[in-house]
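Proteins get letters first, then strands, A, B, ... in listed order; numbering begins at 1 in each.
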2 protein chains.
Amino acid sequence: MEKPARALRHYPETSPEIDRLVMQLIGRIADKWTMMVIEILTEKEALRFGELSRACEGISQKMLTQTLRALERDGLVTRTVFPVIPPKVVYSLTDLGLGLSEAFCGVWIWALKNHENIHHAREAYDAALLK
Amino acid sequence: MEKPARALRHYPETSPEIDRLVMQLIGRIADKWTMMVIEILTEKEALRFGELSRACEGISQKMLTQTLRALERDGLVTRTVFPVIPPKVVYSLTDLGLGLSEAFCGVWIWALKNHENIHHAREAYDAALLK
DNA sequence: CAGAATCCCGTTGGATACTG
DNA sequence: CAGTATCCAACGGGATTCTG
């Protein structure tokens, strides 16, 4: 009798090669600032650079620019420039980006539900080390 | 008429302070090797250090050790030592770890479904730059 | 076998200053 | 306002060597 499969991601169409591509993609987007920007844009729909900068508490302007460029390149975010003075640039999620946001939502919820468990686990681990 | 809320993670109990904790946790686990190890342990249930090392294609022994220690500290992975010679150590997911794996499953599926879209978006973006 | 320790280099990322 | 450019410190992470 076979054990039930636990590898939920393994779709029929999967191959080692595709697995590698998917891994690379995960490695690319599984990033602190990336996920934070996506989360914020999920809530606010559209924001200017400065607004994002303030919402992203702790991010440097360099990292915000870098993060936004990468998101734009991946087709997850659109960048709209208004040719006015002073310059106005607005960012928002594409459908692709919104899809990722929804997929990642499960992880947010997990983190929300379990951050205390994790905290306790760490305390226990650290305490055991000193003993 | 209000627009529908898009911020799925905002549960009633959420506060700015908790948001920060959750963000930190996401920042901690949203890591290439971390997610890869969790994925592999989800498939295989229990593995020895060497097996994990081979399954994790590309990881150095230093990073594997480091990743496993962090996972263990966070209560996501258990480390079982068999007092034999030569040493035998087995790693597997805790329930907490399995929960994260399931939560992250949505992202894997998203990546599997959309990696081609992303690829096209990048090509388009890069082509537009050269113009 | 399962790591700990060391060396070392490339990248990351912050601070600051400058521009259209 | 929305960036770009530059400099520099810190960290990540690979290769190698050593140990119980």
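At most 12 non-hydrogen atoms from other residues, nucleotides or ligands lie less than 6.0 angstrom from CZ of B:Arg20. Within 6.0 Å of CD1 in B:Ile85 there are 12 or fewer heavy atoms belonging to other residues, nucleotides or ligands.
No option in B:Leu21, B:Ile29, B:Val22 other than B:Ile29 meets the side chain to side chain contact (heavy atoms under 4.5 Å, CB included) test with B:Leu25. Shown are B:Leu64, B:Thr67, B:Val89; of these, the side chain to side chain contact (heavy atoms under 4.5 Å, CB included) with B:Leu52 is made only by B:Leu64.
Rounded to whole angstrom, the span from the CD1 atom of A:Ile85 across to the P atom of C:dT19 amounts to 17 Å. The separation between A:Leu52 atom CG and D:dG3 atom P is 10 Å, rounded to whole Å. Rounded to whole Å, atom P of D:dT6 lies 19 Å from atom CE of A:Met63. As a whole-Å value, the separation of A:Glu72 CD from D:dA2 C1' is 14 Å. Regarding A:Trp33, its CH2 atom lies at a distance of 9 Å from the P atom of C:dG13, rounded to whole Å. One interatomic measurement links the two molecules: CZ of B:Phe82 to P of C:dG3, which rounds to 13 Å at whole-angstrom precision. In this structure, the CE atom of B:Met36 is 12 Å from the P atom of D:dG13, given to the nearest Å. Taking atom CG of B:Asp31 as the reference point, atom P of C:dT12 lies 14 Å away to the nearest angstrom.
Toward the 5' end of DNA chain C, the nearer of the two residues A:Pro87 and A:Gln66, judged by each one's closest nucleotide, is A:Gln66. Between A:Thr65 and A:Lys62, the residue anchored closer to the 5' end of DNA chain D is A:Thr65, taking for each the nucleotide with the nearest heavy atom. Comparing A:Pro86 and A:Ile59 by the nucleotide of DNA chain C that holds the closest heavy atom to each, the one mapping nearer the 5' end is A:Ile59.
For D:dT4, its base sits under 3.5 Å from the side chain of A:Gln61 at one donor and acceptor pair at least.
When the side-chain nitrogen and oxygen atoms of A:Arg69 are compared with OP1 and OP2 of D:dT4, one or more of them lie within a distance under 4.0 Å. Residue B:Arg79 places none of its side-chain N or O atoms closer than 4.0 Å to OP1 or OP2 of C:dA2. The phosphate of C:dC1 (OP1 or OP2) has no side-chain N or O of B:Arg48 nearer than 4.0 angstrom.
Relative orientation of the A:Phe104 and B:Phe104 rings is perpendicular, given thresholds of 30° and 60° on the angle between their planes.
Within 4.0 Å (heavy atoms only), A:Tyr91 reaches sugar-phosphate atoms of the nucleic acid but no base atom.
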